[in-house]
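Structure record follows, encoded as structure tokens.
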Amino acid sequence: MRVQRRHVLAASVAVLAAVGVSVGTSFGFADTAPARSSVCSGSVTFSAEGGAPAATSDRFPVGTRLRVTNLDNNRAATVTVTGPSGSCVLLNAAAMEQIREPGKNLVRRNTVEVLR
């Protein structure tokens with residue numbers, strides 16, 4: 001079987017690209033995950049409730065203080081859980097206004113931290 005030079009070159013480039021990605025992610029050069037660990041996974045959405053920045057949650061009891069950070073713009077809101085909901089964290093309108101990007105009602109890349 002005869003191997004052509006262009007096939008060897010293409011295979012070499014593919015291997016080098018795979019090594020570059022794996023080394024880059026292990027050293028933190030390719031940011032694929034948040035630097036801080038989040039207590040919730042998934043997107044953060046909001047309800048149309050008014051008032052001071054607050055949240056509802058199915059995971060945290062009433063009175064728990066949380067910091068929700070939008071990783072796309074590094075804006076954060078500190079909220080208090082005021083009741084139950086059907087998701088990990090559901091922000092009210094005031095809290096969402098603090099962290100969202102204009103025109104977006106969903107924060108896909110986020111961290112949720114429990115404040116002690």
Side-chain angles (χ1 to χ4, degrees):
M1 181 168 106
R2 186 174 162 184
V3 179
Q4 293 185 1
R5 182 187 292 175
R6 67 176 174 238
H7 292 133
V8 171
L9 180 61
S12 299
V13 169
V15 168
L16 288 175
V19 168
V21 168
S22 66
V23 169
T25 55
S26 68
F27 286 121
F29 297 130
D31 188 20
T32 57
R36 294 172 279 192
S37 62
S38 182
V39 293
C40 292
S41 61
S43 301
V44 172
T45 58
F46 83 107
S47 67
E49 293 180 30
T56 57
S57 175
D58 66 355
R59 188 166 299 169
F60 305 103
V62 171
T64 304
R65 290 177 32 90
L66 305 171
R67 179 182 298 120
V68 181
T69 305
N70 181 343
L71 296 176
D72 290 331
N73 61 12
N74 290 323
R75 295 173 67 183
T78 300
V79 297
T80 302
V81 175
T82 58
S85 71
S87 61
C88 184
V89 174
L90 182 67
L91 300 176
N92 72 353
M96 188 63 151
E97 194 60 38
Q98 287 182 359
I99 68 167
R100 76 177 181 166
E101 295 181 62
K104 294 187 178 181
N105 295 326
L106 180 71
V107 178
R108 292 188 191 278
R109 291 182 3 101
N110 63 77
T111 58
V112 179
E113 302 167 274
V114 177
L115 302 177
R116 307 258 180 227

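Numbers here are sequence positions counted from 1. As the structure is a prediction and not an experimental result, all values here were calculated from the model.
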Note: with side-chain heavy atoms under 4.5 Å as the link, the other cluster members for Val81 come out as Val39, Val44, Phe46, Phe60, Leu66, Val68, Val79, Val89, Leu91, Met96, Ile99, Val107, Val112, Val114
query: Any donor-acceptor pair under 3.5 Å linking the side chain of Ser57 with the backbone of Cys88?
result: yes
Shortest non-hydrogen pair, Ala94 vs Pro53, comes out as CB-N, 3.9 Å
Residues pairing under side chain to side chain donor-acceptor pair (under 3.5 Å) where one sits in residues 43-54, two or more places apart or in two chains, turn out to be none
Check your understanding: Judged by atom type as modelled, is there a donor-acceptor pair below 3.5 Å linking the side chain of Asn70 to the main-chain atoms of Arg75?
Key -> no
Between Gln98 and Ala76, the two heavy atoms sitting closest are OE1-O, 4.1 Å
With sequence neighbours left out, the residues meeting salt bridge (Lys or Arg N to Asp or Glu O under 4.0 Å) with Glu97 are Arg100
**Asked** Counting N and O atoms only, with roles assigned by atom type, does the side chain of Asn110 sit under 3.5 Å from a partner on the main chain of Gly42, one being a donor and the other an acceptor?
**Response** yes
So CZ of Arg65 and CZ of Arg116: to nearest 0.5 Å the spacing works out to 12.5 Å
- Query: Glu113 versus Ser38: any side-chain heavy-atom pair under 4.5 Å?
  - Reply: no
(message) Treating Thr69 as the side-chain partner and Leu71 as the backbone partner, does any N or O pair qualify as donor plus acceptor under 3.5 Å?
(response) no
